[in-house]
Each structure stands twice: as C-alpha cells, then as structure tokens.
Amino acid sequence: MRPMLAKAYTLDAISAFCRELKEMSLPDVSESTSDVSHDSVPYYRCQPRFRPETVRLLSGQMLPQEIRSPVKAVVDDEERFRVRKDKRVLKQKKFEERRGQNRYTFCTECFCNPKGSKCEQNRCRACCKKCSAVNELDCKGHGFYFKARREKASE
C-alpha cells in the first residue's frame, strides 16, 4: 500500500488509493463493536496520543502529590528562566573577561584608543597629531613631520 501512495502524483491516483484502503478496512469495521475504550482504539480510527501520566490520572493510579499543579508549574518555569538567565550572564562575564585582556596597549593621554605600535610618544593617532602639532614634534610611526616641514620651509 505504501508504494502505491508514494507513486500517486495525481488526485485521481490518491482517490483510488483511498477507495482501495476503505475496501480493505471494511471487514474490520463491520466486526468491531461501537463501544471502544481509549486503550484499544482500532487502527482505522483517528487516535489521540495519550501520555502515560494522563492515562494513570484517568485510571486513578496517580497519587495526589504526583499531580503537578499550575501554580507549581509557573514557579518551576520562573526558576528555569532564572537559571537560564544566570547562565547567560555568567557566559557574558566570561566573554567580557576574555575580551578585557589587554590585546592592545592604550594611549598614555586619553586611555581609550590603542596606541600606535611604532609611535615614539606612546599615543594614539589623534592624541599624537594634536601633541605633535602643538609642540612641533615628528612621529615616524604615524607619519607626522611637523618639525621637519618647518625646518625645510625655513631653509
């Protein structure tokens, strides 16, 4: 039967499959009784899925303390969310610690930008440009030649 359904690409082929399936299950339907419990539902009927807890609860085998109350469920959910949030915060702190390790050495003047690796004054580009312009200094690392240009212009 499965190959027939798998090969059915048209509506006519699917309806033919349904007719054949109905004819095959007709003898079983006539034999069955109308009084059917939820444990033994015939294969040709749509069957809901019963969880073991639900079946035990319906049959009276479940103890009252085993039944999960809605209030307890909400508390459990809140606790679960709190634990998830704590894990997320911990993960973020670990990431920040790794990130906070000095990958760069910072500027001695503004302490926020990384200093140039070849800068003679241990400054970032912006601070080095300001300082070099005011004091007429050269910085080969950043390529500022204020002193050299002024000397060249005065010649």
Side-chain angles (χ1 to χ4, degrees), residues 1-21 37-155:
M1 292 297 294
R2 281 187 180 182
M4 185 178 173
L5 180 62
K7 293 177 185 175
Y9 289 108
T10 63
L11 190 59
D12 296 330
I14 293 173
S15 61
F17 170 77
C18 289
R19 278 193 301 274
E20 190 173 331
L21 186 64
S37 68
H38 68 275
D39 290 337
S40 61
V41 179
Y43 70 91
Y44 52 85
R45 288 198 184 171
C46 294
Q47 301 176 26
R49 181 183 184 287
F50 287 100
R51 295 188 175 138
E53 290 178 358
T54 311
V55 173
R56 284 179 44 206
L57 182 65
L58 292 174
S59 64
Q61 295 173 355
M62 189 175 263
L63 298 173
Q65 58 266 31
E66 291 179 355
I67 300 171
R68 188 174 169 186
S69 66
V71 175
K72 188 175 181 183
V74 170
V75 171
D76 289 346
D77 288 343
E78 288 176 0
E79 185 176 336
R80 188 176 70 227
F81 292 136
R82 186 183 53 76
V83 168
R84 281 185 187 170
K85 186 177 180 182
D86 291 344
K87 283 184 180 178
R88 190 171 54 238
V89 167
L90 189 68
K91 198 184 239 185
Q92 192 173 13
K93 283 182 182 178
K94 284 182 181 178
F95 175 74
E96 288 174 1
E97 286 175 6
R98 273 198 328 258
R99 189 174 175 198
Q101 293 172 351
N102 292 336
R103 294 189 317 196
Y104 308 108
T105 51
F106 292 101
C107 176
T108 56
E109 206 164 303
C110 66
F111 300 106
C112 60
N113 295 326
K115 72 170 189 157
S117 59
K118 298 176 185 174
C119 183
E120 300 162 352
Q121 301 165 10
N122 292 331
R123 294 192 172 108
C124 64
R125 185 173 173 81
C127 294
C128 188
K129 188 173 186 178
K130 289 177 194 172
C131 185
S132 297
V134 171
N135 299 332
E136 293 184 10
L137 301 171
D138 290 343
C139 179
K140 294 178 183 174
H142 288 115
F144 302 133
Y145 300 104
F146 294 104
K147 184 177 178 183
R149 282 187 192 158
R150 191 158 311 253
E151 289 174 357
K152 198 173 194 181
S154 64
E155 289 178 355

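The first residue of the sequence shown is numbered 1, and numbering continues consecutively from there.
For the atom pair CD1 (Ile14) and CG (Leu5), the distance works out to 7.0 Å, reported to the nearest 0.5 Å. Atom CZ of Phe17 is separated from atom CZ of Arg2 by 9.5 Å, given to the nearest 0.5 angstrom. Here the SG atom belonging to Cys139 is positioned 12.0 Å from the NZ atom belonging to Lys129, to the nearest 0.5 angstrom. Considering CD of Glu151 and OH of Tyr145, their distance stands at 13.5 Å, rounded to 0.5 Å. From Met4, atom CE reaches atom CG of Leu21 across 9.5 Å, with rounding to the nearest 0.5 Å.
Between Arg123 and Lys115, every side-chain heavy-atom pair lies at or beyond the 4.5 Å cut-off. In this structure, Arg125 and Asn113 have side chains that are not in contact, with every pair of non-hydrogen atoms separated by 4.5 Å or more. No side-chain heavy atom of Lys118 sits less than 4.5 Å from a side-chain heavy atom of Lys140. Contact check for Ser132 versus His142: no side-chain heavy atoms found under the 4.5 Å cut-off. Under the 4.5 Å side-chain criterion, counting only non-hydrogen atoms from C-beta, Cys107 is not in contact with Pro114.
With salt bridges taken as basic N to acidic carboxylate O contacts below 4.0 Å, one links Glu136 and Arg150.
With Asp138 contributing its side chain and Phe146 its backbone, the two residues share a donor-acceptor pair below 3.5 Å.
Annotation: side chain to side chain contact (heavy atoms under 4.5 Å, CB included) contacts of Lys130 (sequence neighbours excluded): none. Under the side chain to side chain contact (heavy atoms under 4.5 Å, CB included) criterion, Arg82 pairs with Glu79, Asp86, sequence neighbours left out.
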